[in-house]
Amino acid sequence: MSDNLSRRRYLAGTGAALTIGTLAGCSGGGDGGDGGDGSDGGDGGDGGNVIEDVPSEIDDYLSEARMYDGTMADLTGQDEVTIDVGAGDVGFAFSPAAVRIDSSTTVVWEWTGAGGGHNVASVEGSESDFDNGETVAEEGYTFEQSFDNTGIQLYQCTPHRANGMLGAIEVVEA
C-alpha cells in the first residue's frame, strides 16, 4: 500500500508539472494568458490549479484510466470548460481525466480525431445521466452538457472502456 501511495504522489507531482508546463506552452502567453480568472468562458489560460485531494469515488473509478495521475484539474470559476476526447499517445484518453467545476458550468467535450470513434456516456453511479448518442471519429465534433446539481459525474468512452478511456467530474456549489 505504501508503494502505491508513493508512486501515486510521484506521478501526481510529475504529471502536474508536465500538465502545467504543457498548458502554459499552449496558451501563447507563456504565463498562462492575461492574468484573468477564466470566468469569461474560455479555457482559463493555465488550466487552473491541480487538486491532489481527489474524492475516493473518483480516484477508485479512474484507477485504471489513461492520463490519470491521482490529481484533478480545478476549473472552478469558469462558465465553460473543455475536455479533449481522444487524447494521449494512442487517442484513448480524456484530457484532463478528472476535473472539479462549479454547478451550472457547461462542459464541452471536443474530439481530437485520434484513436478512432469515441463517445461520451455517463455510467452507473453518476449524479446525472448524459450521452452524446453516437460514436464519432470526426475531429472538431463537440458535445456539451451543463451540470446544475452538485455531485460526482463518472463517464466513459464505451468502445474504449477496456483501454482505460474513463473520465470524472466533481461538481461543487458555486
Side-chain angles (χ1 to χ4, degrees), residues 4 7-8 10-28 38 41-48 50-51 54-55 57-75 78 80-101 105-147 152-171:
N4 189 25
R7 180 177 179 273
R8 179 167 289 160
Y10 171 77
L11 289 172
T14 58
L18 289 172
T19 299
I20 290 170
T22 300
L23 290 171
C26 293
S27 70
D43 66 6
D46 66 359
V50 175
I51 299 170
V54 178
E57 185 178 354
I58 289 176
D59 195 51
D60 292 346
Y61 179 72
L62 296 180
S63 65
E64 300 298 320
R66 290 180 180 264
M67 295 186 65
Y68 177 65
D69 63 3
T71 67
M72 63 192 316
D74 183 358
L75 302 178
Q78 300 183 44
E80 182 177 282
V81 301
T82 301
I83 296 174
D84 290 336
V85 178
D89 56 349
V90 293
F92 290 164
F94 294 104
S95 182
V99 299
R100 177 178 291 161
I101 61 171
T105 298
T106 299
V107 175
V108 178
W109 286 270
E110 184 172 352
W111 274 243
T112 65
H118 303 295
N119 74 335
V120 173
S122 61
V123 299
E124 188 175 332
S126 188
E127 181 67 31
S128 302
D129 186 26
F130 55 95
D131 189 332
N132 73 301
E134 57 190 317
T135 301
V136 178
E138 178 186 341
E139 179 180 1
Y141 173 85
T142 61
F143 168 64
E144 296 183 12
Q145 175 74 34
S146 291
F147 295 100
I152 305 279
Q153 312 292 340
L154 306 174
Y155 61 94
Q156 67 182 3
C157 169
T158 307
H160 300 118
R161 177 179 175 77
N163 300 98
M165 196 164 175
L166 309 170
I169 302 166
E170 180 185 24
V171 183

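Positions are given from 1 along the sequence.
One distance of note links CG of Asn132 with NE2 of His118; it measures 11.0 Å at 0.5 Å rounding. With rounding to the nearest 0.5 angstrom, the CZ atom of Arg100 is 3.5 Å from the CD1 atom of Ile51. Note: Glu57 CD to Glu127 CD = 9.5 Å, rounded to the nearest 0.5 Å. The line from CD1 of Ile169 to OG of Ser126 is 8.0 Å long, rounded to the nearest 0.5 Å.
Side-chain contact of Asp131 with Tyr155: a donor-acceptor pair under 3.5 Å is absent, judged by distance alone. Remark: the Thr106 side chain and the Glu80 side chain contain no N/O donor-acceptor pair separated by less than 3.5 Å. For the residue pair Thr112/Asp84, the side-chain donor-acceptor check at 3.5 Å is not satisfied. Side chain to side chain, Asn119 and Thr158 meet the donor-acceptor criterion of an N or O pair below 3.5 Å.
Screening Val171, Leu75, Val81 against Val107 for a side-chain contact (heavy atoms from CB on, under 4.5 Å) leaves a single residue, Val81. Shown are Asp69, Val54, Leu154, Leu166; of these, the side-chain contact (heavy atoms from CB on, under 4.5 Å) with Leu62 is made only by Leu166.
No side-chain heavy atom of Pro96 sits under 4.5 Å from any side-chain heavy atom of Tyr68. Residues Met67 and Phe94 fail the side-chain proximity criterion, which asks for heavy atoms closer than 4.5 Å. Contact of the Cys157 side chain with the Val85 side chain is not registered, since no non-hydrogen atoms from C-beta on lie closer than 4.5 Å. Using a 4.5 Å heavy-atom threshold, the side chains of Tyr61 and Ile152 count as separate. Under the 4.5 Å side-chain criterion, counting only non-hydrogen atoms from C-beta, Val99 is in contact with Ile83.
One N or O on the side chain of Arg66 and one on the backbone of Asn163 form a donor-acceptor pair closer than 3.5 Å. Remark: the backbone N or O of Ala137 is not paired with any side-chain donor or acceptor of Trp111 at under 3.5 angstrom. Using modelled atom types, one side-chain atom of Ser122 and one backbone atom of Phe130 make a donor-acceptor pair closer than 3.5 Å. When atom types are taken as modelled, the side chain of Ser128 and the backbone of Phe147 share no donor-acceptor pair closer than 3.5 angstrom.
Relative orientation of the Trp109 and Phe143 rings is parallel, given thresholds of 30° and 60° on the angle between their planes.
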